[in-house]
Participant: 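Can you keep this structure in mind? I'll have questions shortly.
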Amino acid sequence: MAAVLPNSVSGVAVSGLARALVQAGRLQAAQAEALNKQAIADKTPFIDVLLDSRAIDARSLAMFCADTFGYPALDLSAFNPSFLQENVISTKLMQSQRVLALAKRGNKLSVAISDPTNTQTLDQIKFQTELTVEPVIVEHPALLKLIDKLGQSTEQNLETLIGDDLDVELSEEGTAEPGDAATADIDDAPVVKFLQKILLDAINMGASDLHFEPFEKFYRIRFRVDGVLQEIAQPPLAIKEKLASRIKVISKLDISEKRVPQDGRMKLVVSKNRTIDFRVSTLPTLFGEKIVMRILDATQAQMGIDALGYDPDQKELLLDAIHRPYGMVLVTGPTGSGKTVSLYTCLNILNKPGINISTAEDPAEINLPGVNQVNVNDKAGLTFAAALKSFLRQDPDIIMVGEIRDLETADIAIKAAQTGHMVFSTLHTNDAPSTLTRLMNMGVAPFNIASSVIMITAQRLARRLCTCKQPTSIPDETLLEAGFQEDELDGTWVPYKPVGCERCNGSGYKGRVGIYQIMPITEDIERIILAHGTALEIEEQARRDGVKTLREAGLVKVKQGLTSLEEVLSCTNE
């Protein structure tokens, strides 16, 4: 049983291990206070400062902690490191808090620790592992030595993390020659294989983005899976420069330039029939270049409209709009809400030999054969507006503008829609009604909006419940407050909650499902636009026309058991 100690000793404000030593008479109160102040000033754990001061030796301190707090002691020099429990405690926690997982028996985990007053770390381990933590006292220098040895082993054996059976190839067309001195030090096999393994893991996990992040004391790699960032690995800090240079070489970026952000692309050949592109962005930070890679999988645009999650009535309205001979369809939503995939799904439906489709994007994210795609380059003068003007001289049937950012682009796009072309584009607005007022605020004349825009869709992506989901009970008051109507609480459906299994890595969610607000521009809405109406007036008319809000569309997914109520509440506002 751990000892309970007072908050102060002889009026001296000390805590934790220092307080225990003072109470036991092993340390003078003034000495404890001085060492404590030094530890705070140096931002160093008290136990390090204590042992450096030689006020007590490591062995005596370990025996004192074991006796005082009632925990068993272990001589690490007699312990076989091969028996250590791997992948139970994260590498970051092990190195930052100086703890080791020794053994696991049933739901109990023995943890080596040198400072038993560090209860916060013990609680953190308990939370991470969901196991009962049993501390074992070890000598502090021996613990640090073993943790350091494990870290060095990881660095020296980086290549052992990678299998040799990867059927992938990183395309390096247009990069520096292999014999170039600038690239000679980044072509070593461990870094190459490690990067290939990371990219392949990201694809297999269904990640949308990869983050390579350097910090002062560690280097981490995170994946965004189903909209949520997850830490995947903490490779040795020593490889950050080689890894960044390797990524920049195959992305056709300048490896000597580390002071300004850069953007590029790279390609991963997974098999003869499948190639995946990555959009690469570098950003100089305090401790190196952070690199974010967006996975651009062309197969997403070929999944078909049924896979995106449109309700039958929404799907019918959308298909009717995109098959019109002319007009403008706008897709709105925040970054990462799936706007590009929705647009490309529509383009894929319309991509026929008799149709001329041109797109202007920044940059083109998905390669779609049969579609003329243009990358916007502001530095070279190839803006969205310039590309649109050129498109109108290219005999187009369908035009897609990556984003309407300014009045000039909006005016040209609207004129194209008014002169017999079908125009698709995106805007960053919260919902469909506010998109129309956003265009008016940009300076577009209301009569031009009313005569060109035929449909607006707003969308969000909610995490889809895994097959391990279970029914849950939610009070009627909570459901009504969320937006359900009383007649919907008839007992014919039940809400589900996330549980967690191996398939979903314990999150309870696997994949994502779209939540859509489909708003056709009716004659009544056109009248409100021409009268310079507000977003609120447009929203009220849309509701009278039967248009669901994003929250209402999300609640339909809850009734269908596709996602949880918590997820819908978190990604929609009312």
Side-chain angles (χ1 to χ4, degrees), residues 1-36 39-40 44-81 83-86 88-90 93-148 150:
M1 185 72 179
V4 179
L5 302 171
N7 291 326
S8 64
V9 180
S10 302
V12 179
V14 292
S15 61
L17 188 57
R19 191 168 73 240
L21 289 166
V22 171
Q23 187 189 33
R26 303 294 295 270
L27 204 61
Q28 295 297 320
Q31 188 180 13
E33 184 181 22
L35 292 174
N36 199 47
I40 294 172
T44 304
F46 174 83
I47 190 172
D48 291 301
V49 177
L50 173 67
L51 292 175
D52 287 343
S53 71
R54 300 183 183 277
I56 187 172
D57 63 87
R59 183 172 179 79
S60 298
L61 180 61
M63 297 309 297
F64 166 78
C65 290
D67 293 337
T68 302
F69 294 88
Y71 296 137
L74 174 69
D75 183 3
L76 274 182
S77 63
F79 183 79
N80 188 345
F83 294 154
L84 288 172
Q85 296 291 309
E86 296 182 355
V88 176
I89 298 176
S90 69
L93 184 62
M94 178 186 76
Q95 293 180 337
S96 63
Q97 300 299 327
R98 282 89 74 88
V99 289
L100 278 176
L102 295 174
K104 180 182 174 186
R105 298 181 303 278
N107 67 336
K108 295 181 179 180
L109 179 67
S110 296
V111 176
I113 191 168
S114 55
D115 182 359
T117 64
N118 190 1
T119 55
Q120 185 176 357
T121 297
L122 298 175
D123 290 340
Q124 193 172 351
I125 296 171
K126 183 179 179 180
F127 177 79
Q128 275 192 5
T129 62
E130 298 184 352
L131 298 172
T132 301
V133 176
E134 296 181 338
V136 176
I137 305 299
V138 296
E139 292 182 28
H140 189 65
L143 178 61
L144 296 184
K145 185 177 179 180
L146 183 54
I147 291 174
D148 186 57
L150 292 173

Participant: Are Gln28 and Val22 packed together at the side-chain level, in the sense that at least one heavy-atom pair is separated by less than 4.5 angstrom?
Facilitator: no

Participant: Do Leu50 and Leu21 pass the side-chain contact (heavy atoms from CB on, under 4.5 Å) test, and can you show the C-alpha distance, the side-chain angles, and the key distance before you say yes or no?
Facilitator: CA-CA 11 Å; Leu50 173 67; Leu21 289 166; 3.5 Å; yes

Participant: For residues Ala32 and Phe46, report the shortest heavy-atom separation together with the two atoms involved.
Facilitator: O-CE1, 4.1 Å

Participant: Do Val136 and Tyr71 come close enough that some side-chain heavy atom pair is under 4.5 Å?
Facilitator: no

Participant: What pairs with Asp75 under side chain to side chain donor-acceptor pair (under 3.5 Å), at least two apart in sequence or on another chain?
Facilitator: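 Result, side chain to side chain donor-acceptor pair (under 3.5 Å) vs Asp75: Ser77.
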
Participant: Under the side chain to side chain donor-acceptor pair (under 3.5 Å) test, which residues partner Asp123, sequence neighbours left out?
Facilitator: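 Checked Asp123 against side chain to side chain donor-acceptor pair (under 3.5 Å); zero matches.
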
Participant: Considering the options Asn118, Asp48, Thr121, which one meets the side-chain hydrogen bond (donor to acceptor under 3.5 Å, both in side chains) requirement together with Arg98?
Facilitator: Asp48

Participant: Just to verify, what does Ala24 make a side chain to side chain contact (heavy atoms under 4.5 Å, CB included) with, not counting sequence neighbours?
Facilitator: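 Only Arg26, Phe64 meet the side chain to side chain contact (heavy atoms under 4.5 Å, CB included) criterion with Ala24.
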
Participant: First locate atom CD1 of Ile56, then atom CG of Leu61, and finally report the distance between them rounded to the nearest 0.5 Å.
Facilitator: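 So the CD1 of Ile56 and the CG of Leu61 are separated by 5.0 Å.
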
Participant: Under the salt bridge (Lys or Arg N to Asp or Glu O under 4.0 Å) definition, can you give me all pairs with a residue in residues 111-122, not counting sequence neighbours?
Facilitator: none

Participant: Enter the distance from Met63:CE to Glu139:CD here, rounded to the nearest 0.5 Å.
Facilitator: 9.5 Å

Participant: Is there side-chain contact between Leu131 and Lys104, with heavy atoms separated by less than 4.5 Å?
Facilitator: yes

Participant: Test of understanding: with salt bridge (Lys or Arg N to Asp or Glu O under 4.0 Å), list the residues that count as partners of Arg105, not counting sequence neighbours.
Facilitator: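 With sequence neighbours excluded, Arg105 shows a salt bridge (Lys or Arg N to Asp or Glu O under 4.0 Å) to Glu134, given in chain and number order.
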
Participant: Could you tell me whether the side chain of His140 reaches within less than 4.5 Å of the side chain of Leu51, counting heavy atoms only?
Facilitator: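 Yes, at least one pair of side-chain atoms sits under 4.5 Å.
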
Participant: Between Leu100 and Val111, is a side-chain contact (heavy atoms from CB on, under 4.5 Å) present by the stated rule, with each step listed?
Facilitator: CA-CA 6 Å; Leu100 278 176; Val111 176; over 6 Å; no

Participant: With sequence neighbours excluded, what pairs up with Leu122 under the side chain to side chain contact (heavy atoms under 4.5 Å, CB included) test?
Facilitator: Ile113, Val133, Pro135

Participant: Is there a donor-acceptor pair under 3.5 Å between the side chain of Thr68 and the backbone N or O of Cys65?
Facilitator: no

Participant: Is any side-chain heavy atom of Thr132 closer than 4.5 Å to one of Leu109?
Facilitator: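 No - every pair of side-chain heavy atoms lies 4.5 Å or more apart.
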
Participant: Identify the heavy atoms of Ala62 and Ile137 that sit nearest to each other, and give their distance.
Facilitator: O-CG2, 3.4 Å

